[in-house]
Amino acid sequence: MKIGYPCVNDSLPCTSTSTFRLASYSEERLVQAVSNNLACLQRILEYNVSHGLLFFRMGSGIVPFGSHPVNTFPWQTHFAAELKSVGDYIKANNLRVSFHPDQFVVLNSPDPGIVERSVQELVYQGSVLDLMGLDSTMKLQIHAGGLYGDMESALTRWIATYHTLPEAVKARLVVENDDRLYSLRSCLRLHEAVGVPILFDNLHHECLNHGEPMAEALALAFSTWHPQRDGVPMMDYSAQSVGERKGKHTASLDEALFREFLTHLHGHDADIMLEIKDKEASAHRACAIMHDVGLLVHAASVSV
DNA sequence: CGGCGTCAAGTATCG
DNA sequence: CGATACTTGACGCCG
């Protein structure tokens, strides 16, 4: 069981997703940004290791304009050594990383151009994992996409697109239940059709479900992960921000709610990504709770 | 150097 | 019909 947080570390004075405006694109700026981002990513991973946080979501902007036609620079070869070095560090320290391509990645759009750009973005993020030398347990996490007024045809288009994906993407792709359109049950339709694992988000499930109790939903989602190919199931954990829009993430970890959630795991292994605004601060507290309830057995001497 | 308008990309919903 | 939200604000122009 690993605890993680997404994209940003607020304790370190660097960012692994520095970018610049398209209008000011130059190869010089690109090289500068990627170089900076990889160096910061390495620092974040070292911080995570020293604090027992073994799961991390990398930001999509590690290579600015990574799937944009403006970017014709051969960053894959130019940064091959740096990418491999980060990957070696990840493997040597038993870390797990993932990507969560943003809302622009929509595999079931009726617009072929949008689908093509979405596939290119997945290819870019998958190639980063490939160049790091990481296997298919390091995932690319997306949502099912839009509804366009008809879920059946939207699911059919998603499946058709899936079959066209390159193997490097297919092997790593996982689908997350969302909070408004595609419930766990809807995502399971995709799993049944093509075998794609379902990444469970507890808060989204609370927002959109078909009455499945939390423990049952977790078991269902986890059962879609193939142990050898996919590794331990990943999940997103968050809690509702009290008094705010439905689905809004809480600013910091509510320890009682988190402890209550853990009881629903019933011994299932999972790597938990905390989607909580204060990032590693809550991740530290989650780790302490996991130790307390006996779910984390490694890393006895963790400093905070 | 601080303020603030704007930024590659999509979809659906809320006012 | 424009603003807003989503895993994440921050780039960069202007004064």
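These numbers come from a predicted model, not from an experiment. A note on names: the letters A, B, ... follow the listed sequences, proteins ahead of strands, and every chain is numbered from 1.
In this structure, A:K139 does not pair ionically with A:E176, as no charged nitrogen and carboxylate oxygen lie closer than 4.0 Å. Contact check on A:D150 versus A:R157 returns no salt bridge, with no Lys/Arg side-chain nitrogen under 4.0 Å from an Asp/Glu carboxylate oxygen.
Between A:K279 atom NZ and C:dT7 atom P there is a gap of 10 Å when expressed in whole angstrom units. Atom-to-atom, CZ of A:F55 to C1' of C:dT7 comes out at 12 Å; the value is rounded to the nearest Å. Rounded to an integer number of Å, the gap from CZ of A:F99 to C1' of C:dT7 is 13 Å. Look at CG on A:N177: it is 16 Å from P on C:dC6, rounded to the nearest Å. Taking atom CG of residue A:N37 and atom C1' of nucleotide C:dT8, one finds them 13 Å apart after rounding to whole Å. Going from atom NE2 of A:H143 over to atom P of C:dA5 covers 16 Å, rounded to whole Å.
Classification of the A:Y47-A:H51 ring pair by plane angle, with boundaries at 30° and 60°, yields parallel. The aromatic rings of A:F258 and A:Y237 sit perpendicular, their planes meeting at an angle over 60°, well past the 30° parallel limit. Between A:H204 and A:H143, the angle of the ring planes lies from 30° to 60°, which puts this pair in the tilted group. Using the six-membered ring where Trp is involved, A:Y124 and A:F99 have ring planes that are tilted, between 30° and 60° apart.
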Exercise. How would DNA chain B look in dot-bracket form, 5' to 3', counting Watson-Crick and G-U wobble pairs with both distances under 3.5 Å and writing | for bases paired to another strand?
Worked result: |||||||..||||||

For this session: Scan nucleotides 10-15 of chain B nucleotide by nucleotide, 5' to 3', and note B when protein non-hydrogen atoms come under 4.0 Å of the base, S if they reach only the sugar-phosphate, - if neither.
Result: BSSS--

Exercise. If the sugar-phosphate is the primed atoms plus P, OP1 and OP2 and the base is the rest, what is the B/S/- string for nucleotides 10-15 of chain C, using protein heavy atoms under 4.0 Å?
Worked result: BBS---

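Spacing of C1' atoms, C:dC11 relative to B:dG10, comes out at 22 Å, to the nearest Å. B:dC4 sits 23 Å from C:dC6 when the C1' atoms are compared, rounded to a whole Å. Distance noted for atom P between C:dA5 and C:dG9: 14 Å (whole Å). Separation of the P atoms belonging to C:dT4 and B:dT6 is 13 Å when rounded to the nearest angstrom. C:dA3 and B:dG5 have their P atoms separated by 13 Å, given to the nearest Å. Across the P atoms, B:dT11 and C:dA10 are found 27 Å apart, a figure rounded to whole Å.
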For residues 265-272 of chain A, please give each side-chain donor-acceptor pair under 3.5 Å, one per line with the distance, not counting sequence neighbours.
residue	atom	partner	partner atom	Å
A:D269	OD1	A:M1	N	3.2
A:D271	OD1	A:K2	N	2.9
A:D271	OD2	A:R96	NH1	2.8

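For C:dT7, the OP1/OP2 oxygens have no side-chain nitrogen or oxygen of A:K139 closer than 4.0 Å.
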Exercise. Hey, mind stepping through A:D111 and A:S109 against side chain to side chain donor-acceptor pair (under 3.5 Å) and telling me if it holds?
Worked result: CA-CA 5 Å; A:D111 180 336; A:S109 173; 5.4 Å; no

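Identified under the salt bridge (charged side-chain N to carboxylate O under 4.0 Å, His left out) test for residues 74-91 of chain A, with sequence neighbours left out: A:K84-A:D88.
Judged as a salt bridge (charged side-chain N to carboxylate O under 4.0 Å, His left out), and not counting sequence neighbours, A:D254 has no contacts.
Counting heavy-atom neighbours within 6.0 Å of A:R43 CZ, excluding the residue itself, gives a total above 12.
Interatomic distance, A:M273 CE to A:Y5 OH, rounded to the nearest 0.5 Å: 9.5 Å.
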